[in-house]
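Here is the structure we will look at, set down as structure tokens.
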Amino acid sequence: MSTVPIIPESAPFSSEQRSWLNGFLAGILSRGAAGTLPSINSNATDKPKLLVLFGSQSGNAEGYSKKLCKEANARGFQARVAGLESIQPEELQTENNVLLITSTWGEGDMPDNAISFWDKLNQNGSSPKLDGLKFSVLALGDMNYGDTFCLAGRKLDQRFEELGAQRIHPRVDCDVDYDELAKTWSDGVFLSLLNTTGNHDETTNSSVVVEKEIETGYTRKNPFPAPLIECVALNAERSAKDTRHVAFSLEGSGLIYETGDALGLLPENCPEVVANIIAAHELDADAIVHIHNGSEAPLKEALKKHYEIRSLIGKSPETKVSPTDFINSLRKLQPRLYSIASSLKAHPNEVHLCVGAVRYEKDSIQHKGVASTFLADRLAKGKTAGVFIHTAKHFRIPANGKTPIIMVGPGTGIAPFRAFLEERKITGATGNNWLFFGDQKRSTDFLYHDQVLNWVKDGHLTRLDTAFSRDQTEKVYVQDRMLSAASELWSWLEQGSYFYVCGDASRMAKDVDAALHTIVQQQGGKSEDDASAYVNEMKKSKRYARDVY
Ligand SMILES: Cc1cc2nc3c(=O)[nH]c(=O)nc-3n(C[C@H](O)[C@H](O)[C@H](O)COP(=O)(O)OP(=O)(O)OC[C@H]3O[C@@H](n4cnc5c(N)ncnc54)[C@H](O)[C@@H]3O)c2cc1C
Ligand SMILES: NC(=O)c1ccc[n+]([C@@H]2O[C@H](COP(=O)([O-])OP(=O)(O)OC[C@H]3O[C@@H](n4cnc5c(N)ncnc54)[C@H](OP(=O)(O)O)[C@@H]3O)[C@@H](O)[C@H]2O)c1
Ligand SMILES: Cc1cc2nc3c(=O)[nH]c(=O)nc-3n(C[C@H](O)[C@H](O)[C@H](O)COP(=O)(O)O)c2cc1C
């Protein structure tokens with residue numbers, strides 16, 4: 001289906017350039033409506049094959065890949081989309097065109113579903129030659145990670161080239177707001193593909209209309225102002241921790257979540273911190289500034305609600321700048337994600353979180369986390385905060401309620417498991433449930449202890465293993481409890497149990513992963529490689545899922 005071209009035939013462009021520009025401009029003009037896009041000749045009998053591969057942990061790369069695949073099909077490709085966990089590197093030898101979209105996790109690591117693919121791509125002696133494959137990489141990341149910014153995408157891009165694949169469009173590295181840059185990349189990629197496949201109709205306007213998905217309801221870009229119902233301390237008074245049970249009302253929002261999903265929250269900076277920064281930079285707090293969203297506001301409001309100011313704390317300005325230049329030098333304040341700690345079936349119209357307040361001292365300055373202390377200290381009951389649902393398809397309870405589950409969730413990592421247990425209780429799921437929980441001290445830090453112990457009492461929680469790290473001289477962690485229960489844990493795994501981990505990514509999740517490998521190796525009588533293959537197979541079949549941060 002063709003549409004009215006924007007660049008007229010009389011313009012000094014070749015038909016190909018005109019067609020491309022028409023598509024490109026229509027795409028820009030029609031944000032929210034339909035886009036006219038250059039495409040494969042609709043009469044072509046052999047539609048070019050295109051494989052869109054994603055490495056994704058929390059769903060961004062996966063969601064974008066699926067949209068891109070739809071768009072590619074509308075442009076006349078024979079496109080399919082797949083996660084990197086479902087493909088072997090040698091299978092790429094039968095492909096012509098691959099678009100690879102990946103995020104980066106941990107400290108420059110591959111997302112979980114890409115680890116096995118990456119390892120195989122680097123196996124000495126057995127990595128496949130990829131001559132003849134055309135590819136391009138879109139890397140998603142976060143510039144706050146510095147040197148590891150988009151590292152997974154950068155590594156894959158380089159490795160594909162080393163293996164002989166031909167890059168048809170340069171890699172693009174995206175920061176957290178990736179929409180615009182990703183669109184520029186995909187436009188460039190499609191133009192290159194159309195040029196190289198040779199099927200592009202040069203004589204007619206072969207553009208197609210691709211319906212742009214119109215986001216309805218409340219989303220990241222249009223968050224719901226959710227009233228705070230309660231924010232209750234979960235630690236006893238003498239605790240060194242400050243963990244909160246936070247409940248928001250979703251009444252009237254139409255928002256629906258599944259257990260395993262996260263809640264996106266738009267925080268506000270602390271007004272005191274804002275005032276200190278304005279004073280240090282000798283700025284006028286009431287000066288009106290233009291905000292990135294197109295509106296205007298006094299500087300103090302703009303800094304409170306719209307910009308990241310953490311990096312400015314304690315820094316003396318080198319030169320004096322105008323309020324506008326000051327604002328323009330800052331990054332947008334990003335939403336924070338929190339694993340949802342409730343089942344919607346158990347708490348209709350509500351969403352619960354388990355939030356650890358971040359407070360620490362550095363260079364003799366007391367710092368506080370923006371979002372966690374916005375919730376813990378500044379948001380009053382009944383007042384609203386902008387929220388949206390961040391879908392986590394990789395982190396779901398088994399569809400079959402009879403399937404056993406093992407959950408490892410120390411500290412705030414307990415959040416999604418409270419939700420899983422509530423959901424499995426209310427739906428009458430009969431599968432066995434095993435929880436590993438840990439924190440500093442039993443007397444002060446046993447989060448949700450009443451609810452958890454009641455589940456033990458009534459048999460809903462088949463087994464509970466706790467690791468209170470500071471109740472004895474030697475540290476005891478959840479992975480120590482796993483190793484002590486190795487034989488039973490192995491027998492659950494052999495019965496098809498799912499294995500979930502949530503909480504700290506930098507230390508705990510790595511140590512728990514190592515303990516899991518040890519258990520599989522020792523209890524299953526396997527070699528190290530066979531144990532890795534077993535664990536990889538669990539990941540591939542989505543029986544090993546992680547929600548780590
Ligand atoms: C999928 C997902 C689920 C999550 N679920 C939860 C959850 O259920 N509960 C929960 O509490 N959090 C959860 N988080 C983490 C949460 O999103 C925030 O990152 C966390 O609350 C901190 O945000 P903040 O705005 O309070 O802190 P920020 O203002 O973002 O400050 C945090 C930064 O401060 C610095 N920092 C922190 N501690 C120290 C220290 N001791 N020394 C030096 N620097 C330090 C680090 O640079 C850190 O990145 C989750 C994250 C993800 C991605
Ligand atoms: N700085 C803060 O105040 C703060 C607040 C909230 C969240 N966070 C961050 O958010 C994440 C989760 O924090 P949280 O408060 O929920 O819990 P956490 O800090 O992960 O602590 C929970 C339990 O895990 C233990 N632990 C420490 N290292 C471990 C390891 N290698 N393996 C297994 N267990 C280990 C802790 O013991 P020990 O502490 O005794 O070693 C504690 O008993 C972490 O990344 C944390 O850094 C930080
Ligand atoms: C725990 C954690 C670790 C991350 N580590 C990195 C990193 O090392 N480098 C980077 O560029 N981005 C990093 N990111 C940002 C993600 O790559 C980014 O949010 C991306 O959009 C996530 O896409 P996904 O949902 O497809 O996994 C990290 C994010 C989280 C929550």
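Just follow the structure's listing: the first ligand is 1, and inside any ligand the first atom is 1. Index from 1, following the sequence.
Nearest protein heavy-atom neighbour of atom 46 (C) of ligand 1: R310 NH1, 4.5 Å. Closest protein heavy atom to atom 3 (O) of ligand 2: A357 O, 3.6 Å. Closest to atom 20 (C) of ligand 1 among all protein heavy atoms lies Y338 OH, 3.8 Å. Protein heavy atom in closest approach to atom 37 (C) of ligand 1: Y360 CE2, 3.3 Å. The protein heavy-atom contact nearest to atom 1 (C) of ligand 1 is D547 OD1, 3.5 Å. The protein atom (non-hydrogen) at minimum distance from atom 13 (C) of ligand 1 is Y549 CE1, 3.5 Å. Summary of contacts: the protein heavy atom closest to atom 6 (C) of ligand 2 is G356 O, 3.5 Å.
Ligand 1 places these atoms under 4.0 Å from at least one heavy atom of V355: 11 (O). Using a 4.0 Å cut-off to heavy atoms of V370, the atoms of ligand 1 that qualify are 24 (P), 25 (O), 26 (O), 27 (O), 28 (P), 29 (O). The ligand atoms of ligand 1 that sit less than 4.0 angstrom from a heavy atom of V358 are 22 (C), 37 (C), 38 (N). Residue contact check: T412 has heavy atoms under 4.0 Å from atoms 12 (C), 14 (P), 16 (O) of ligand 2.
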List ligand 3's nitrogen or oxygen atoms that come under 3.5 Å of a protein nitrogen or oxygen, with the partner atom and distance.
{"from": "ligand 3", "atom 1": "5 (N)", "to": "G106", "atom 2": "O", "distance (Å)": "2.9"}
{"from": "ligand 3", "atom 1": "8 (O)", "to": "G106", "atom 2": "O", "distance (Å)": "3.3"}
{"from": "ligand 3", "atom 1": "8 (O)", "to": "G108", "atom 2": "N", "distance (Å)": "2.9"}
{"from": "ligand 3", "atom 1": "8 (O)", "to": "T148", "atom 2": "OG1", "distance (Å)": "2.8"}
{"from": "ligand 3", "atom 1": "9 (N)", "to": "T148", "atom 2": "O", "distance (Å)": "3.0"}
{"from": "ligand 3", "atom 1": "11 (O)", "to": "D142", "atom 2": "N", "distance (Å)": "3.0"}
{"from": "ligand 3", "atom 1": "11 (O)", "to": "C150", "atom 2": "N", "distance (Å)": "2.7"}
{"from": "ligand 3", "atom 1": "12 (N)", "to": "D142", "atom 2": "N", "distance (Å)": "3.2"}
{"from": "ligand 3", "atom 1": "14 (N)", "to": "T104", "atom 2": "O", "distance (Å)": "3.2"}
{"from": "ligand 3", "atom 1": "17 (O)", "to": "T104", "atom 2": "N", "distance (Å)": "3.3"}
{"from": "ligand 3", "atom 1": "17 (O)", "to": "T104", "atom 2": "O", "distance (Å)": "2.7"}
{"from": "ligand 3", "atom 1": "21 (O)", "to": "N60", "atom 2": "ND2", "distance (Å)": "2.9"}
{"from": "ligand 3", "atom 1": "25 (O)", "to": "S58", "atom 2": "N", "distance (Å)": "3.2"}
{"from": "ligand 3", "atom 1": "25 (O)", "to": "S58", "atom 2": "OG", "distance (Å)": "2.5"}
{"from": "ligand 3", "atom 1": "25 (O)", "to": "G59", "atom 2": "N", "distance (Å)": "3.0"}
{"from": "ligand 3", "atom 1": "25 (O)", "to": "N60", "atom 2": "N", "distance (Å)": "2.8"}
{"from": "ligand 3", "atom 1": "26 (O)", "to": "S56", "atom 2": "OG", "distance (Å)": "2.6"}
{"from": "ligand 3", "atom 1": "26 (O)", "to": "N60", "atom 2": "N", "distance (Å)": "3.2"}
{"from": "ligand 3", "atom 1": "26 (O)", "to": "A61", "atom 2": "N", "distance (Å)": "2.7"}
{"from": "ligand 3", "atom 1": "27 (O)", "to": "Q57", "atom 2": "N", "distance (Å)": "2.8"}
{"from": "ligand 3", "atom 1": "27 (O)", "to": "S58", "atom 2": "N", "distance (Å)": "3.1"}
{"from": "ligand 3", "atom 1": "27 (O)", "to": "S103", "atom 2": "OG", "distance (Å)": "2.8"}
{"from": "ligand 3", "atom 1": "27 (O)", "to": "W105", "atom 2": "NE1", "distance (Å)": "2.8"}

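Ligand 1 has a nitrogen or oxygen under 3.5 angstrom from a nitrogen or oxygen of S339.
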Which pairs would a plain distance check flag for residues 98-108, meaning a side-chain donor or acceptor within less than 3.5 Å of a matching protein atom at least two apart in sequence or in another chain?
{"from": "T102", "atom 1": "OG1", "to": "G55", "atom 2": "O", "distance (Å)": "3.4"}
{"from": "S103", "atom 1": "OG", "to": "W105", "atom 2": "NE1", "distance (Å)": "3.2"}
{"from": "T104", "atom 1": "OG1", "to": "L151", "atom 2": "N", "distance (Å)": "3.2"}
{"from": "T104", "atom 1": "OG1", "to": "A152", "atom 2": "N", "distance (Å)": "3.0"}

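Residues passing the ring-ring contact (aromatic ring centres under 6.0 Å, His included) test with Y544, sequence neighbours excluded: F499. Taking the ring-ring contact (aromatic ring centres under 6.0 Å, His included) definition, one finds that F326 meets it with H281, sequence neighbours left out.
If you look at D511 next to ligand 2, the close heavy atoms, those under 4.0 Å, all belong to the side chain.
When R359, K475, K241, K368 are checked for heavy-atom proximity to atom 38 (P) of ligand 2, K475 turns out nearest.
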